[in-house]
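Data first, discussion second: the structure below is written as structure tokens.
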2 protein chains.
Amino acid sequence: MTATTPIPLATLAGLLADATRARFCLALLDGRAWSAGELARHAGVAASTASEHLSHLVRGGLLVEERQGRHRYLRLAGPQVAQLIEDMTAHAERAGAAARPPTLRAASAAAAMAAARTCYDHLAGRLGVAITDAFTARGLLRQDAGFALSDDGLAWFAAELGVALPASTGRRPLARPCLDWTERRHHLAGAAGAVLCATALQRRWVSRIGSGRALRLTGAGRQALSALLGLDDPTGDLSASAAGG
Amino acid sequence: MTATTPIPLATLAGLLADATRARFCLALLDGRAWSAGELARHAGVAASTASEHLSHLVRGGLLVEERQGRHRYLRLAGPQVAQLIEDMTAHAERAGAAARPPTLRAASAAAAMAAARTCYDHLAGRLGVAITDAFTARGLLRQDAGFALSDDGLAWFAAELGVALPASTGRRPLARPCLDWTERRHHLAGAAGAVLCATALQRRWVSRIGSGRALRLTGAGRQALSALLGLDDPTGDLSASAAGG
DNA sequence: GCGAGGTTTCGGCGGGCGCCGAAGTGTGCG
DNA sequence: CGCACACTTCGGCGCCCGCCGAAACCTCGC
């Protein structure tokens with residue numbers, strides 16, 4: 001009878017408060033669509049359990065589904081949802097980093113993620129931060145009074161990268177900061193970040209490692225980043241070669 | 001024995017997934033410190049229940065406590081936490097706005113909140129959005145390639161408002177967009193937004209209504225906004241005087 | 001030092017919810 | 001047309017956790 005008002009904040013948080021549902025959302029942060037079965041296996045639960053969770057997440061507006069034959073494919077509902085989950089992860093990592101088992105066998109996977117990965121539709125990790133720093137150092141991105149591309153930065157996409165940025169008409173900002181939870185600094189997100197990431201994948205500057213979010217920087221990528229942004233050793237591998245494990 | 005890895009995202013979300021804890025955090029969004037008893041009464045639970053919830057939230061890093069004599073005062077742990085909760089509220093409102101009882105008696109309180117309120121330490125509601133629009137229209141704020149104050153905008157704070165902006169050295173950005181969940185558009189947040197809100201309160205341009213987040217625009221406030229930003233009717237009251245309920 | 005009032009700890013209760021396996025539905029392939 | 005497979009629905013189980021009241025603890029003021 002205590003039908004207290006639902007509190008939308010609590011309802012939304014409840015969707016992410018379960019470990020299995022959170023695992024689903026984190027997996028989907030790679031921006032691609034997964035089938036229900038893939039997600040179930042990934043999270044280590046029965047298909048029936050996953051099915052109910054996924055319906056729950058779709059109803060809550062965090063995921064969208066696309067049915068093809070006997071498959072049900074699921075994606076994050078959009079960049080805003082991805083941003084929210086990334087933000088929450090960043091906060092959670094900050095708070096929980098202290099009380100955590102220092103290392104598990106999967107440390108090598110974590111190392112690959114820390115070097116370079118996608119963050120929904122843009123670049124993250126040391127690579128993403130290094131690119132953002134290079135943008136800032138060359139005056140293409142200004143972070144002193146907010147976070148915005150300069151006129152030079154807008155021109156760079158057309159003249160140097162050779163791709164068109166979407167018009168700023170939509171609700172999505174051209175540039176926005178996204179907190180990198182391994183580097184604990186901001187990297188470039190928004191429509192410009194998405195264009196940059198898509199271009200890098202398309203031109204094989206980076207390639208996906210396995211089926212996850214981790215990326216490998218290719219030789220062509222190193223050359224391109226050096227030529228376009230004067231960026232050498234973008235993932236910090238050279239200077240870190242003497243670091244022990 | 002299925003000691004699945006804790007999943008920090010789920011842990012964080014779990015803190016906000018309970019209606020009572022969420023109510024606490026939403027109340028604390030006014031940026032001030034509440035005593036444990038005040039929060040318990042506000043949420044309608046026993047003091048013992050509140051006590052445990054609050055310890056939980058402090059342990060999780062969302063709240064910080066300050067003990068004075070027999071009182072325990074609680075605040076949000078910082079602007080980042082406030083931002084996260086605001087973001088989640090915005091998302092939740094967007095998703096849940098459809099299936100909601102259209103109106104309850106507290107509609108007048110909601111109306112006051114929609115007109116003008118604080119959002120942790122900056123201005124929100126129609127007032128906050130109108131000020132942000134005025135900034136943009138006068139070239140003080142650029143939203144076309146991100147979200148940043150222009151050089152004119154930086155000068156405005158010193159020359160027109162007559163207050164110093166904090167150096168951009170800290171981790172906190174000078175300007176950032178904050179999604180307004182009543183207007184569904186961005187308003188100005190960050191250090192500049194905080195300075196503006198603090199100045200408005202200090203100079204009595206706005207005053208708090210009761211003990212909540214809602215604000216009333218004073219006559220002095222109308223004059224100041226008109227003189228400084230060419231902004232008339234910042235809360236839309238004049239044009240809305242014929243709107244039925 | 002004693003009472004009043006704010007806060008915390010402790011049991012105990014109850015509901016909600018995540019889990020599974022089994023059975024049911026729908027799709028694709030041979 | 002029937003099997004295989006992906007997914008969904010349905011019961012049932014068990015645990016987690018939020019709730020309360022009683023009692024202890026602490027601080028203040030007299």
Side-chain angles (χ1 to χ4, degrees), chain A residues 1-7 9-28 33-60 62-75, chain B residues 1-7 9-28 32-60 62-75 211:
Chain A
M1 186 52 77
T2 35
T4 56
T5 329
I7 312 280
L9 169 62
T11 305
L12 171 63
L15 288 175
L16 297 170
D18 175 73
T20 298
R21 284 195 297 265
R23 257 186 275 261
F24 289 170
C25 292
L26 290 173
L28 290 165
W34 293 47
S35 76
E38 284 173 330
L39 288 168
R41 256 170 280 125
H42 173 77
V45 295
S48 56
T49 302
S51 175
E52 286 165 351
H53 280 312
L54 292 170
S55 298
H56 207 168
L57 289 166
V58 169
R59 275 194 168 280
L62 290 180
L63 268 45
V64 291
E65 63 183 25
E66 201 169 332
R67 306 185 102 105
Q68 282 182 16
R70 55 184 169 185
H71 291 277
R72 178 199 200 183
Y73 288 103
L74 297 129
R75 288 181 293 110
Chain B
M1 188 53 75
T2 34
T4 56
T5 329
I7 312 280
L9 170 62
T11 306
L12 171 62
L15 289 175
L16 297 170
D18 175 74
T20 299
R21 285 195 296 264
R23 257 185 275 260
F24 289 169
C25 291
L26 290 173
L28 291 165
R32 294 178 290 185
W34 294 47
S35 76
E38 284 172 330
L39 288 168
R41 256 171 278 125
H42 172 77
V45 295
S48 57
T49 302
S51 175
E52 285 165 350
H53 280 311
L54 292 170
S55 298
H56 206 168
L57 288 167
V58 169
R59 275 195 168 278
L62 291 180
L63 267 47
V64 291
E65 62 182 26
E66 201 169 331
R67 307 184 99 107
Q68 282 181 16
R70 53 185 169 185
H71 290 276
R72 179 199 198 182
Y73 288 105
L74 296 128
R75 289 181 292 110
S211 65

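Everything numeric here is computed off the predicted structure, so don't read it as measured data. First the proteins, then the strands, lettered A, B, ... as listed; each starts at 1.
Nucleic acid contact class of B:R41 (heavy atoms, under 4.0 Å, all strands): none. A:S55 comes within contact range of no nucleotide atom at all, as no heavy-atom separation falls under 4.0 Å. Residue B:A36 is in sugar-phosphate contact alone, with no base atom involved, counting any heavy-atom pair closer than 4.0 Å across all strands shown. At the heavy-atom level, B:A46 lies under 4.0 Å from the strands shown only through sugar-phosphate atoms.
The side chain of B:R72 places an N or O atom within less than 4.0 Å of a non-bridging phosphate oxygen (OP1 or OP2) of C:dT8. Taking side-chain N and O atoms only, B:T49 has a distance below 4.0 Å to OP1 or OP2 of D:dC20. Contact annotation: B:R23 side-chain N/O to D:dG18 OP1/OP2 distance is not under 4.0 Å. Side-chain nitrogen and oxygen atoms of B:R70 include none within less than 4.0 Å of the OP1 or OP2 phosphate oxygen of C:dA4. Checking the phosphate oxygens (OP1, OP2) of C:dC19, a side-chain nitrogen or oxygen of A:T20 falls inside 4.0 Å.
At whole-Å resolution of the value, OH in B:Y73 and P in C:dT7 are 8 Å apart. Computed from coordinates, the A:H56 NE2 to D:dT9 P distance equals 14 Å when rounded to whole Å. One interatomic measurement links the two molecules: CD of A:E65 to C1' of D:dT8, which rounds to 12 Å at whole-angstrom precision. Look at NE2 on A:H71: it is 12 Å from P on D:dC5, rounded to the nearest Å. One atom, CD of B:Q68, and another, P of C:dG6, lie 15 Å apart when rounded to the nearest Å. We find that CG of A:L63 is positioned 14 Å from P of D:dC7, with the value rounded to whole Å.
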